[in-house]
Chemist: 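Let me begin by handing over the structure; questions about it come next.
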Amino acid sequence: CALPIWEDPHSGFLLLRMCTGFGASVHLARAMGPLEVFKAVDTKIIEAMDEIVPLGPRDRDFAELPFRHGGLGLRATSDHAAAAFVAQSIETRGLMKLFSPTPLPTDPLRIAVDLVVPE
């Protein structure tokens, strides 16, 4: 990740956190399901943070903790992608009847779980 050298690491951190927000990534995960690309995105975000402030091996885990637990709030989308996808599948079932011309499965949770955890 080619980020400029920041004179103020705090500004670099805020820019990284706001522009690569967890919310945007989880929004994609809700629609796309748990894909390998989210692991790559998580890795790139931590690498970018390492360029702003050098991180040791333990610091990388610390960076992914939420602020309320004393971390930097750079949460890993790959950890939440499956749950987000299943929740979205259940929550939008009623609306999908309005938009989908094909009949929907009778058990959307089973279909979502099958997609997330292949046999």
Side-chain angles (χ1 to χ4, degrees):
C1 203
L3 290 176
I5 301 300
W6 294 96
E7 291 180 22
D8 178 17
H10 186 258
S11 297
F13 166 67
L14 286 177
L15 184 62
L16 176 68
R17 189 161 186 276
M18 296 302 158
C19 293
T20 61
F22 177 73
S25 298
V26 169
H27 178 76
L28 288 173
R30 282 186 202 116
M32 298 168 59
L35 302 175
E36 288 297 316
V37 70
F38 294 119
K39 289 181 183 177
V41 168
D42 295 340
T43 299
K44 288 294 185 184
I45 289 171
I46 295 299
E47 287 173 2
M49 186 65 206
D50 194 34
E51 287 184 25
I52 295 168
V53 176
L55 299 173
R58 289 188 60 210
D59 297 335
R60 292 171 188 260
D61 293 333
F62 166 76
E64 291 182 349
L65 286 175
F67 281 130
R68 70 180 176 274
H69 295 296
L72 296 178
L74 299 174
R75 299 185 310 182
T77 303
S78 59
D79 292 346
H80 301 273
F85 183 68
V86 170
Q88 169 287 131
S89 298
I90 294 169
E91 197 65 30
T92 60
R93 187 177 191 290
L95 290 174
M96 290 307 293
K97 290 179 184 176
L98 301 173
F99 298 106
S100 177
T102 59
L104 293 172
T106 56
D107 186 5
L109 178 58
R110 180 76 253 158
I111 300 300
V113 169
D114 288 344
L115 286 172
V116 172
V117 185
E119 293 179 8

Chemist: With rounding to the nearest 0.5 Å, note down the distance linking CD in E64 to CE in M49.
Modeler: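 Taking CD in E64 and CE in M49, the distance rounds to 12.0 Å.
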Chemist: Could you grab the distance from atom OG1 of T43 to atom CG of D50, nearest 0.5 Å is fine?
Modeler: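 Going from the OG1 atom of T43 to the CG atom of D50 covers 12.0 Å.
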Chemist: According to a hydrophobic-cluster definition based on side-chain heavy atoms being under 4.5 Å apart (Ile, Leu, Val, Met, Phe, Trp, Tyr only), do F13 and V53 belong together?
Modeler: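 Cluster IDs for F13 and V53 match.
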Chemist: May I have the list of side-chain donor-acceptor pairs in residues 28-42 shorter than 3.5 Å, sequence neighbours left out?
Modeler:
residue : atom : partner : partner atom : Å
D42     : OD1  : T77     : N            : 3.0
D42     : OD2  : T77     : N            : 3.3
D42     : OD2  : S78     : N            : 2.9
D42     : OD2  : S78     : OG           : 2.7

Chemist: Please report the shortest heavy-atom distance between L74 and I45, naming the atom on each side.
Modeler: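 The pair with the smallest heavy-atom distance is CD2-CG2, 4.2 Å.
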Chemist: Which distance, rounded to the nearest 0.5 Å, do you find between the CG of L72 and the CD1 of I46?
Modeler: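 So the gap between those two atoms works out to 8.0 Å.
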Chemist: What heavy-atom pair brings A48 and L16 nearest, and what distance separates the two atoms?
Modeler: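 Result for this residue pair: CB-CD1, 3.8 Å.
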Chemist: If hydrophobic clusters are built from ILVMFWY residues whose side chains come within less than 4.5 Å, do F62 and L55 share one?
Modeler: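 Yes; tracing contacts between hydrophobic side chains, which count when under 4.5 Å, links both residues.
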Chemist: Please give me the minimum heavy-atom distance between V26 and A84, naming the atom from each residue.
Modeler: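 What the structure gives for the nearest pair is CG1-CB, 3.9 Å.
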